[in-house]
Amino acid sequence: MKINIAIFVSGSGTNCENLIRYFAGSERVCCALVVSNKPDAFALTRAQRLGVATAVAPKAQLNDPDVMMPLLREHHIDFIVLAGFLPLVPDFLIEAFPRRIINIHPALLPKYGGKGMWGHHVHEAVKAAGETETGMTVHYVTPVCDSGEIIAQFRTPLSPDDTADDIAAKEHILEMEHFPKVVEQVLNETFA
């Protein structure tokens, strides 16, 4: 059985592209659709260049089951991966895909999670707190932002001289290395 995944994005899409490339030769997993809440997200361009279907779903459409469910059915979506997706996922999607929506977060949850904690805001908070390490977390999506069960975490040490940009760069290396493997592991367990 082929597992069709949708990748939800809001930004430049480095994780999105990494996932598409990782699964490009897979006989089991297909990156079937990339959905963005922002029409100008560069992730859409990355996906299109790699031959993956794209859709734009601003807030009104994202929160409308009569828009989202037919879109996901049309592409036979079995699983959703959030890769830098900023809006809260509506409850109807969480109910339609129980334990089949996962998210990547650029910190070691439960620290630095919740409303407003995304992208550079996270790395600046890590720097301000004088943390000696940071990392990435992959977790299941629930109705409460960044509170779902943790699937995997990866850490990297920080030095006092690291800027927020340095912290972001170190954490991004972890994402590029580990995120596709964690997604694959979750898919293998979910669709065993």
Side-chain angles (χ1 to χ4, degrees), residues 5-23 31 34-38 40-47 57 59 62 79-90 93-94 97 99-187:
I5 66 172
I7 305 170
F8 283 30
V9 295
S10 294
S12 73
T14 54
N15 275 302
C16 175
E17 180 173 343
N18 196 26
L19 288 166
I20 293 168
R21 291 187 182 281
Y22 184 84
F23 290 114
C31 295
V34 172
V35 177
S36 179
N37 61 307
K38 296 183 176 183
D40 60 348
F42 191 64
L44 295 170
T45 302
R46 291 179 191 268
K59 189 173 184 176
L62 176 68
F79 199 92
I80 298 171
V81 177
L82 309 185
F85 187 67
L86 299 183
L88 281 177
V89 175
L93 276 181
I94 295 171
F97 292 87
R99 288 181 68 86
R100 291 187 181 196
I101 307 176
I102 62 174
N103 181 44
I104 186 170
H105 186 77
L108 296 169
L109 292 175
K111 289 183 176 182
Y112 311 108
K115 189 170 172 59
M117 282 287 110
W118 56 272
H120 220 66
H121 303 288
V122 171
H123 306 304
E124 288 167 357
V126 168
K127 172 66 179 170
E131 295 284 358
T132 58
E133 67 175 3
T134 193
M136 60 167 271
T137 302
V138 181
H139 65 92
Y140 288 103
V141 173
T142 66
V144 180
C145 183
D146 295 332
S147 69
E149 177 190 337
I150 292 172
I151 299 163
Q153 290 185 313
F154 300 92
R155 301 166 186 272
T156 186
L158 300 176
S159 81
D161 299 330
D162 284 338
T163 65
D165 286 341
D166 296 331
I167 293 168
K170 287 181 175 184
E171 188 274 330
H172 192 68
I173 290 168
L174 295 177
E175 293 180 358
M176 292 296 102
E177 180 181 349
H178 297 290
F179 191 36
K181 296 173 193 167
V182 173
V183 171
E184 184 174 45
Q185 174 192 331
V186 173
L187 292 173

Exercise for review: Could you give me the CA-CA distance, side-chain angles and deciding distance for Ile102 and Ile151, then say whether side-chain contact (heavy atoms from CB on, under 4.5 Å) is met?
Suggested key: CA-CA 9 Å; Ile102 62 174; Ile151 299 163; 3.5 Å; yes
Practice item. Let me see the working for Glu133 and Leu108 under side-chain contact (heavy atoms from CB on, under 4.5 Å), right down to the final yes or no. Key: CA-CA 9 Å; Glu133 67 175 3; Leu108 296 169; 4.0 Å; yes
Point to revise | Residue pair Asn15, Phe179: steps toward the side-chain contact (heavy atoms from CB on, under 4.5 Å) verdict | key: CA-CA 8 Å; Asn15 275 302; Phe179 191 36; 3.7 Å; yes
Practice item. Run the numbers on Phe8 and Ile80 for side-chain contact (heavy atoms from CB on, under 4.5 Å), then give the verdict. Key: CA-CA 7 Å; Phe8 283 30; Ile80 298 171; 3.7 Å; yes
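Between Val186 and Tyr140 the shortest side-chain heavy-atom distance falls below 4.5 Å. Here the side chains of Asp161 and Asp166 are not in contact, with every heavy-atom distance at 4.5 Å or above. In this structure, the side chains of Asn37 and Phe85 come closer than 4.5 Å at one or more pairs of heavy atoms. Inter-residue side-chain proximity for Met136 and His172 is flagged as unmet; no heavy-atom pair is nearer than 4.5 Å. Using a 4.5 Å heavy-atom threshold, the side chains of Cys145 and Lys115 count as separate. Side-chain contact between Pro106 and Glu175 is present, with at least one heavy-atom pair separated by less than 4.5 Å. Residues Thr132 and Pro157 are not in side-chain contact: their nearest non-hydrogen atoms beyond the backbone lie 4.5 Å or more apart. Looking only at side-chain heavy atoms (C-beta outward), Phe23 and Val183 come within less than 4.5 Å of each other.
Although no hydrogens or angles enter the test, the distance criterion places a donor-acceptor pair under 3.5 Å between the side chain of Lys127 and the main chain of Pro160. Listed for the Thr137 side chain is a donor-acceptor partner under 3.5 Å among the backbone atoms of Leu109. A donor-acceptor pair is defined here as one N or O able to donate and one able to accept, closer than 3.5 Å; such a pair exists between the side chain of Ser36 and the backbone of Val9. Formation of a donor-acceptor pair under 3.5 Å by the Asp146 side chain with backbone atoms of Gly113 is not found in this model.
Remark: Cys31 SG to Ile20 CD1 distance equals 5.5 Å, nearest 0.5 Å. Separating the CE atom in Met117 from the NZ atom in Lys111 is a distance of 13.5 Å, to the nearest 0.5 Å. Note that the NE2 atom of His139 and the CG atom of Asn103 stand 4.0 Å from one another [nearest 0.5 Å]. One finds the CZ atom of Arg46 at 5.0 Å from the OG atom of Ser12 (value rounded to the nearest 0.5 Å). Separation of atoms CE (Met176) and OH (Tyr22) is listed at 13.0 Å; rounding is to 0.5 Å. One finds the CG atom of Asp165 at 9.0 Å from the NE2 atom of His123 (value rounded to the nearest 0.5 Å).
For the residue pair Ala41 and Gly11, the shortest heavy atom distance occurs at CB-O, 3.5 Å. When all heavy atoms are compared, the tightest approach of Thr142 to Gly148 is CG2-CA, 3.6 Å. The two residues Ala164 and Glu124 make their nearest non-hydrogen contact at CB-CG, 3.8 Å. Nearest heavy atom pair, residue Leu62 against residue Ala57, reads CB-O, 3.8 Å. Here the shortest heavy-atom pairing between Ile7 and Ala83 reads CG2-CB, 3.9 Å. Residues Ile167 and Leu158 share a closest heavy-atom pair of CG1-CD2, 3.8 Å.
In summary, Asp162 and Lys170 engage in a salt bridge, as defined by a charged side-chain N under 4.0 Å from a carboxylate O.
In this structure, His178 and Phe154 have parallel ring planes: the angle between them is below the 30° cut-off, well short of the 60° mark.
With His105 as reference, Val122 is the one residue of Leu82, Val138, Val122, Ile150 to meet the side-chain contact (heavy atoms from CB on, under 4.5 Å) rule.
A cation-pi arrangement is absent between Arg100 and Phe79, since the terminal nitrogen or guanidinium carbon is not both under 6.0 Å from the aromatic centre and inside a 45° cone about the axis.
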